[in-house]
Novice: 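I have a structure I would like to understand better, so I am pasting it below and will then ask my questions one at a time.
When a ligand or atom number is given, it counts from 1 through the structure's own listing order. In this chain, residues are counted from 1 in sequence order. Note: hydrogens, waters and symmetry copies are ignored here, and every other heavy atom, side chains too, is used.
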Amino acid sequence: MPSLENAMEDKPKNPARRTLFKAIGAATAAGVTGNILPGCVGKKGDTGKNLAFAEIPHSLDAQHHLPTGYHADILLRWGDPLFAGNTPFAPEKLTVTEQEKRFGYNNDFIAYMPLDADAGPGEGERHSKSNNSARGLLCVNHEYTQPHLMFSGYKDEVSAVRGVPAEHVAVEQAACGHTIVEVERTGNGWRPVLDSPYNRRITLHTAMAITGPAAGDRRLQTTTDPDGKRVFGTVGNCAGGKTPWGTVLIAEEGFGGAFQGNPDTIADPVEVANHRAFGIHPDNRNWGDYDRRFDIGVEPNEPNRFGWMVEYDPYDPASQPRKLTSLGRFEHEGFTLVSKPDRPIVAYGGDDDENQFVYRYVSRRQYQPDDYAHNRDLLSDGTLYAGRFNDDGSGRWLPLVFGRGPLTEANGFRNQADVLIDARRAARLVGATPMDRPEDIETNPVNDCTYVMLTRNTKRSGTNNANPRPRNPTGHVLEIVPPGRHGERNHAAGTFAWNIFLLGGNPNAEDPEERGAYGEQLPGIVSADGWFTCPDNVAFDARGGMWVATDGCEKFGFHNGLWAMPTDGDQRAIPKHFFGCPEGAELCGPEFTPDGKTLFVSVQHPADRSGSTFDNPLHRWPDNDPALPPRPSVLAIYRRDGKIVGS
Ligand code: FEO
Ligand code: CA
Ligand code: CA
Ligand code: CA
């Protein structure tokens, strides 16, 4: 087997061969070969035109970092008030009532939802057609809590998980979930609008409906909800998505950690395996001591009411969120939509766990841009599929439908509810491809191909060409090419082609499993600061430039952050470093305003490090105030000259 470097030396810099070469190079790097199809061909070169910023260096310190000419407003920090009259944040005085009126902890996904200047609350149909880039709603997930960094007195992370008193648990549960807050751009930058009628918190105590094929199933019934159609709260809210009809999707990812108890004590073997697979364990955090539904010995079905996608209307503060069982139950990273007039809605989602799957949903009915009422149920009535990535570069979407293939009573499925509740087991049975932790998946609006962030996987047993590294500590990005020419791609088709778009890691690393592969694979083409590891969230700018946020670079000596790259043209898959996090943080939720002039990012868990606590933190970003701990924060980034970000 030739080395990657030798293989590269022979190759001409020929755009027509570039993608094939890269894919083979990637496979060779990992010691496998495959006949991989050409990459996504859009409008060549278009996606690179607005990435002219001055790259920042890899570094690791207590600051955030931006290119010259850019500014970041610290827009929202944990504990910031959403309403006037709230006193300044004082963590030692934080009560449940206070936390419910303040920005939550560990911000993740961000949706910017424009506000129509002439419409008010409850008028989502009008707001959803707005492109207002100076006033909108920021809809932000709060993934999880870290009591040792939120409260004084904990000596480490472990004591803060098992030994938390009732009053801290109650604050934690109010700090999870989601925030909706109006924001506006002023002459002095961005600011939250206190007391806006849209401002609202969704927490673990917010009532929500369970909808879709699994609603009411006996596996969703509990003592407090014998109908299995109503649940309190959402947790593990990682990434999400937006719909063109003005609703927001929020994912339930690591929900298992909220539950305590021993799955082996449950009589039903199906539930034993189910609860074990999601990490429910007697040593998990002790919320169940006080909020008894989080103890599976008390409510064995409560975990089945989590692990879904949640949809809600940010424009209607009186509306109730709903859990969409149609999109399956697993550790959802998010679901993002492809919406084309008179075509079904297609949504792509990942299950962020080792050796789990990529999913796609296709609505039964078609999207009608002018029929708001019709569109609102498109995500409740359709078919969920799991992806098979064949070694020859082709792929197939495998339907998860009760009665089809192996999804029958003989394999323990009673009905479609079982298929959706146990979507992982169903996907494995139909032959989906186990992946290297699928995180965010988004479709490039310019070339209409879909990109899958595979963050890393050090628990792989056996490779395939779509996941070519036996041990993958640095992650990679896959490109899904739906059939059809550019402009006519059919995301609802049963088949697709795929490529490895890039392999995370240092292009000069000796270990092939840590050796990155970008763009044309030519030595030196990626700068010393352009390489990254562990892709997590992704966003596309209006010109198709791809912006990747990372979670895992610190193991390789530098901060997490944001890297931007074209998806076609001469610079395809060659990243440039745009933003760096303060030490300990991962970056989430890149989100542009419609005019591309503001980029919102989520800095999650700053100063998160073994031994770092509220009383003795690694640092105190962003306030650097001895009275305050480090605070997860959302930043609004823009150019000082007001031009488009990245251009
Ligand atoms: Fe919450 Fe998949 O990162
Ligand atoms: Ca994530
Ligand atoms: Ca995204
Ligand atoms: Ca992650």
Novice: Angle class for the Trp563/His58 ring planes (parallel below 30°, perpendicular above 60°, tilted otherwise)?
Specialist: perpendicular
Novice: Would you please name every residue forming a salt bridge (Lys or Arg N to Asp or Glu O under 4.0 Å) with Glu591, sequence neighbours left out?
Specialist: Lys242
Novice: Please work out whether the ring planes of His605 and Tyr144 are parallel, tilted or perpendicular, with thresholds of 30° and 60°.
Specialist: tilted
Novice: How many N, O or S atoms of the protein are nearer than 2.8 Å to atom 1 (Fe) of ligand 1?
Specialist: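 That number is 3, waters not included.
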Novice: Return all protein N, O or S atoms below 3.0 Å from the Ca ion (ligand 4), chain by chain in residue order.
Specialist: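 Those protein N, O or S atoms (cut-off: under 3.0 Å from the Ca ion (ligand 4)) are Glu439 OE2, Asp536 OD2, Asp551 OD2.
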Novice: Phe53 and Phe578: aromatic ring centres closer than 6.0 Å?
Specialist: yes
Novice: Quick check on the 6.0 Å ring-centre criterion: do Trp287 and Phe259 meet it?
Specialist: no
Novice: Aromatic ring centroids of Tyr348 and His491 under 6.0 Å?
Specialist: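 They qualify: ring centres under 6.0 Å apart.
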Novice: Is the Tyr451 ring parallel, tilted or perpendicular to the Phe540 ring (thresholds 30°, 60°)?
Specialist: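 The arrangement is tilted - the two ring planes meet at 30° to 60°.
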Novice: Counting only pairs under 3.5 Å, give me each side-chain donor-acceptor contact of residues 248-258, with atom names and distances, residues two or more places apart or in other chains.
Specialist:
from: Glu252; atom 1: OE1; to: Gly307; atom 2: N; distance (Å): 2.9
from: Glu252; atom 1: OE1; to: Trp308; atom 2: N; distance (Å): 3.1
from: Glu252; atom 1: OE1; to: Lys323; atom 2: NZ; distance (Å): 3.4
from: Glu252; atom 1: OE2; to: Thr234; atom 2: OG1; distance (Å): 2.7
from: Glu252; atom 1: OE2; to: Lys323; atom 2: NZ; distance (Å): 2.8

Novice: Salt bridge (Lys or Arg N to Asp or Glu O under 4.0 Å) with Asp352: which of Arg456, Arg424, Arg437?
Specialist: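 Testing each of Arg456, Arg424, Arg437 against Asp352, the sole residue satisfying salt bridge (Lys or Arg N to Asp or Glu O under 4.0 Å) is Arg437.
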